[in-house]
Amino acid sequence: MSAETTNPSAAPAPAPTDFIRDIVAQHLAEKRYQKIVTRFPPEPNGYLHIGHAKSICLNFGIARENNGQCNLRFDDTNPVKEDVEYVESIIADVKWLIDGWADHVLGFKAKGAKPAAHTIDGKPDFYLAPVPSAQIASHVSGHLAEPFSASDYFEQLYLYALELIKRGKAYVCDLTPKETEEYRGSPEKPGKDSPFRNRSVEENLDLFKRMRAGEFPDGARTLRAKIDMASPNIWLRDPLLYRIRHVAHHHAGAGWPIYPLYDYAHCLSDYLEGITHSICTLEFEVHRALYDWILEALELPRPLPHQYEFAKLNLAYTLVSKRKLLTLVNEKVVTAWDDPRMPTISGLRRRGIPAAALREFVTSVGVTRFDSLTEAAVFENVVRNHLNTVALRRLAVLKPIKVVLTNLPADEVILCDATNNPQDETPTTRKISLTREIFIESDDFAEVPPPKYFRLKPGGEVRLKYACIIKLDEIVKDAAGKVTELRCTADLTTRKGEANSDKKVKGTIHWVSAVKCIDAEVRLYDRLFTVAEPAAEEDFLKVVNPSSLEIVTAKLETSLATATTHERFQFERLGYFALDAKDTKPGQPIFNRTISLKDNWAK
RNA sequence: UGCCUGGUGGUGUAAUGGUAGCACAGGCGACUUUGACUCGCCUAGUCAUGGUUCGAAUCCAUGCCGGGCAGCCA
């Protein structure tokens with residue numbers, strides 16, 4: 001069974017409900033919109049992380065539950081920070097996360113398409129239709145479709161800006177950045193009008209057209225909305241709509257010396273795509289008035305989109321700030337954006353987290369307006385639950401110590417039946433080899449055992465999982481006093497199907513034949529930070545966990561030699577593991593520990 | 001100190017004027033050829049004070065505490 005498929009025996013999760021879904025349901029009941037259209041609008045200036053996963057699941061989930069659509073749109077209005085590397089990673093991450101779950105509501109547009117001009121009741125309008133849902137899959141896979149991009153709307157956005165100027169609702173301002181800041185005032189102090197605020201429509205039109213023609217240097221002028229410099233909401237104090245930047249754009253090319261700012265581009269992009277519910281995080285709450293102002297100022301003919309805000313995800317011991325994640329990459333704290341210790345979607349994927357588990361986690365934390373901090377245990381619990389149903393059980397020894405079963409001939413190979421997954425309704429088995437020399441986990445032996453130690457100790461007995469009970473007779477040490485070998489007697493009558501198979505011992509341990517085994521690099525991960533809220537730290541680099549990665553050469557049962565990246569494994573009594581899709585080379589498997597098993601004894 | 005916004009067990013979240021419930025965490029026990037899984041039991045909460053009401057987590061008032069906003073970032 002692949003970890004990518006959902007367990008058919010699992011009960012379908014109840015449809016989530018939250019205040020945004022309640023609003024959507026009410027709008028549907030009122031027949032306010034024909035179809036619910038949401039959007040996921042990342043800026044391609046970094047990799048997607050677990051916080052984005054929450055937004056993806058919310059937006060795609062709402063589309064999915066209402067037979068709607070969710071557009072993937074790049075909010076690419078700032079070319080100096082953006083890059084195609086990010087565009088590609090974002091598309092891959094979104095596809096992976098929604099695969100088999102919401103691909104049918106993924107909104108893409110026809111390749112190269114731009115908003116089309118048309119008329120509604122005599123009023124001019126622009127609209128960009130998505131690829132029809134029935135054709136999405138074939139068009140996406142055939143590269144006939146692509147994500148939406150705000151930069152595809154630069155022409156329409158420019159036309160709307162001209163319209164705003166004609167309506168006396170926008171003006172060209174010559175204030176320097178510093179002056180603009182001074183004139184804006186502060187939260188407690190009203191701002192004051194720009195001296196350029198009352199330029200004539202003609203002058204504004206002329207100046208703005210020349211800005212677009214590239215006549216002025218970077219930063220020389222801006223286009224501003226004419227609202228209210230004394231507004232208690234800072235974002236209504238004549239916010240900037242356009243700035244001059246003589247740089248090429250990674251998607252739109254080299255034709256634009258002016259670029260729209262977020263507030264101006266976002267609401268109109270939503271409108272152009274026919275978005276009904278524009279869902280974002282709480283920090284945009286104060287921008288909502290501006291979002292509405294721009295759309296209303298233009299008196300657009302179609303129903304307007306509305307913005308709704310929710311609290312972003314905060315997960316203990318992790319960071320979700322693209323800037324800080326970039327720092328971790330640049331400072332080489334991690335190897336890359338997709339390092340398995342990173343909370344990026346690509347990092348989590350590489351670590352072995354199933355998409356369904358990630359989805360369930362970000363959905364289970366709920367959608368509210370309360371700024372919360374979710375415990376790491378919640379995430380870990382969801383991951384373990386998924387992996388438990390899906391993972392193939394295998395025997396592997398991470399830190400081996402040699403055991404000699406003195407009563408077995410050197411050339412004897414005893415085949416034992418091992419269960420592949422006890423959680424299956426009808427579990428299958430495979431054969432593993434028991435030989436005279438085996439490896440056990442060094443943690444499973446103690447010369448001086450602590451109280452209640454169930455594992456191997458001098459004179460004690462343990463069961464070798466799927467095999468027989470062994471008794472420790474002798475501890476062999478080297479000159480330095482280090483234990484090099486444990487000499488034991490195997491009681492073969494305790495094997496399954498033999499006379500004493502029912503004999504109980506307290507401990508059962510995992511093991512691997514010293515002959516029939518393979519070596520493999522195994523990467524053991526721990527949390528990246530030592531504190532629950534690294535983001536609250538003055539310098540988050542100072543709370544990086546120095547032992548977030550431990551690399552060992554492990555002994556694995558031979559069946560693992562043919563492992564594939566789609567399989568998920570439970571190395572019994574150790575944890576869940578997956579092949580590293582990036583560094584594994586033919587004949588040289590590298591396994592990542594996705595997560596350890598719960599260990600109640602360690603407490 | 002201006003505006004916006006929020007406060008339910010340790011954590012997250014439900015209850016939309018009518019029995020404060022669920023999950024995770026924690027504790028105890030059962031089961032176990034994974035000290036896993038599973039199962040059973042337990043612990044623990046409406047920020048405060050008033051008001052409205054037969055009845056308030058929910059409505060109102062005041063207070064307290066938290067988050068957000070002053071990029072030509074998104």
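Naming: A, B, ... by sequence-line order, numbering from 1 per chain. Any value given below was found using the heavy atoms of this structure, including those in side chains, with hydrogens, waters and symmetry copies removed.
Salt bridge annotation for A:Asp417-A:Lys431: present, with a cationic side-chain nitrogen under 4.0 angstrom from a carboxylate oxygen. Using a cutoff of 4.0 Å between basic side-chain nitrogens and carboxylate oxygens, A:Arg430 and A:Glu557 are scored as salt-bridged.
Here A:His510 lies out of heavy-atom contact (under 4.0 Å) with every strand. Here A:Leu175 lies in heavy-atom contact (under 4.0 Å) with a base. Within 4.0 Å (heavy atoms only), A:Tyr453 reaches at least one base atom of the nucleic acid. Residue A:Glu380 is out of contact with every strand shown, counting any heavy-atom pair closer than 4.0 Å. A:Pro41 comes within 4.0 angstrom of no nucleic acid atom, judged by non-hydrogen atoms across all strands. At the heavy-atom level, A:Ala467 lies under 4.0 Å from base atoms of the strands shown. Base contact: A:Tyr262 has a heavy atom under 4.0 Å from a base atom.
Taking side-chain N and O atoms only, A:Thr77 has a distance below 4.0 Å to OP1 or OP2 of B:A74. One finds no side-chain N or O of A:Arg224 lying less than 4.0 angstrom from the OP1 or OP2 phosphate oxygen of B:C72. OP1 or OP2 of B:U33 lies within a sub-4.0 Å distance of a side-chain N or O belonging to A:Lys504. Remark: A:Arg384 is not in phosphate contact with B:U38, judged by side-chain N or O atoms under 4.0 Å from OP1 or OP2. For B:A74, neither phosphate oxygen OP1 nor OP2 lies less than 4.0 angstrom from any side-chain nitrogen or oxygen of A:Lys322. Contact annotation: A:Arg21 does not reach the phosphate of B:A14 (side-chain N/O to OP1 or OP2, under 4.0 Å). Residue A:Arg573 places at least one side-chain N or O under 4.0 Å from the OP1 or OP2 atom of B:G35. Regarding contacts with the backbone of B:C72, every side-chain N or O of A:Thr180 stays at 4.0 angstrom or more from both OP1 and OP2. Phosphate proximity of B:G68 to A:Lys312: absent, as no side-chain N or O sits under 4.0 Å from OP1 or OP2. Dashed line: the shortest gap from a side-chain N or O of A:Asn233 to OP1 or OP2 of B:G2 is not under 4.0 Å.
Relative to the side chain of A:Val286, the nucleotides B:C69, B:G12, B:C24 differ in distance, and B:C69 lies closest. The listed nucleotides are B:A70, B:G35, B:C72; the one nearest the side chain of A:Leu261 is B:C72. In this structure, of B:A70, B:G12, B:U34, it is B:G12 that holds the atom nearest to the side chain of A:Thr374. In the set B:U16, B:C72, B:C37, B:U16 carries the atom at the smallest distance from any side-chain atom of A:Asp22. Residue A:Arg369 has its side chain nearest to B:U5 when only B:U5, B:U13, B:C72 are considered. Nearest to the side-chain atoms of A:Lys496 among the listed nucleotides B:U33, B:G12, B:A74 stands B:U33. If you check B:C69, B:G12, B:C37 against the side chain of A:Ser372, the one that comes closest is B:G12. Comparing B:C73, B:A70, B:U5 by their closest approach to the side chain of A:Glu285 singles out B:U5. Minimum atom distance to the side chain of A:Thr368 is reached by B:A14, of the listed B:A14, B:A70, B:G12. Closest contact between the side chain of A:Glu43 and the listed nucleotides B:A70, B:C24, B:A74 involves B:A74.
Straight-line distance between the P atoms of B:G21 and B:G9: roughly 14 Å, to the nearest whole Å. For B:U34 and B:G68, the C1' atoms lie 48 Å apart once the distance is rounded to whole Å. Taking the C1' atoms as reference points, B:U19 lies 26 Å from B:C60, given to the whole Å. Nucleotides B:U5 and B:A48, compared at atom P, are 23 Å apart to the nearest Å. Distance check on atom P: B:C47 versus B:C42 gives 26 Å, rounded to whole Å. Using atom C1' as the reference point in both B:A30 and B:A44, the two lie 24 Å apart (nearest Å).
Panel note: side chain A:Thr38, backbone A:Asn59; a donor-acceptor pair is recorded below 3.5 Å. A distance-only check finds no donor-acceptor pair linking the side chain of A:Arg369 to the backbone of A:Phe19 [under 3.5 Å].
For the residue pair A:Arg394 / A:Ser559, a side-chain donor-acceptor distance below 3.5 Å is found, with atom types taken as modelled.
The partner of B:U58 is absent, by the rule that a Watson-Crick or G-U pair needs both atom distances under 3.5 Å. The partner of B:C39, taking Watson-Crick or G-U wobble pairs whose two distances both stay under 3.5 Å, is B:G29. Under the Watson-Crick and G-U wobble criteria, each requiring two contacts below 3.5 Å, nucleotide B:G45 is left unpaired. In this structure B:U34 sits in no base pair that meets the Watson-Crick or G-U test at under 3.5 Å. Pairing of B:A74, defined by two Watson-Crick or G-U wobble distances under 3.5 Å, is not identified with any nucleotide. Nucleotide B:G2 forms a pair with B:C69, judged by Watson-Crick or G-U wobble geometry with both contacts under 3.5 Å. When both pairing distances are held under 3.5 Å, B:U16 makes no Watson-Crick or G-U pair with any nucleotide shown. Nucleotide B:G9 forms a pair with no other nucleotide shown, judged by Watson-Crick or G-U wobble geometry with both contacts under 3.5 Å.
Stacking of the aromatic ring of A:Trp601 onto the base of B:G35 is found: the ring centres lie under 5.5 Å apart and the planes are inclined by under 30°. By the criterion of a centre-to-centre distance under 5.5 Å and near-parallel planes under 30°, the ring of A:Phe454 forms a stack with the base of B:G35.
Between the side chain of A:Glu375 and the base of B:G10, a donor-acceptor pair under 3.5 Å is found. For B:U5, its base never sits under 3.5 Å from the side chain of A:Glu309 at any donor and acceptor pair. Interface remark: the A:Arg463 side chain does form a donor-acceptor pair with the B:U33 base, using a distance-only criterion of under 3.5 Å. With hydrogens and angles ignored, a donor-acceptor pair closer than 3.5 Å exists between the side chain of A:Arg245 and the base of B:C72.
When the nearest nucleotides of RNA chain B are assigned to A:Lys506 and A:Gly366 by heavy-atom distance, the more 5′-ward of the two goes with A:Gly366. Sequence order on RNA chain B of the closest nucleotides to A:Asp18 and A:Cys468 puts A:Asp18 first from the 5' end.
With A:Tyr317 as the aromatic partner, A:Arg527 meets the cation-pi criteria of under 6.0 angstrom to the ring centre and within 45 degrees of the ring axis. A cation-pi arrangement is not found for A:Arg39 relative to A:Phe148, the charged atom failing to lie both closer than 6.0 Å to the ring centre and inside a 45° cone about the ring normal. A cation-pi contact, defined as under 6.0 Å to the ring centre and within 45° of the axis, is absent between A:Arg224 and A:Tyr171.
In this structure B:G55 sits in the anti conformation; its chi angle is more than 90° from 0.
Among A:Tyr259, A:Phe208, A:Tyr153, A:Tyr264, the single residue meeting the ring pair (Phe, Tyr, Trp, His ring centres under 6.0 Å) criterion with A:Tyr158 is A:Phe208. With A:Ile440 as the partner, the side-chain contact (heavy atoms from CB on, under 4.5 Å) test is satisfied by one option alone out of A:Val462, A:Ile470, A:Val512, A:Ile401: A:Ile401.
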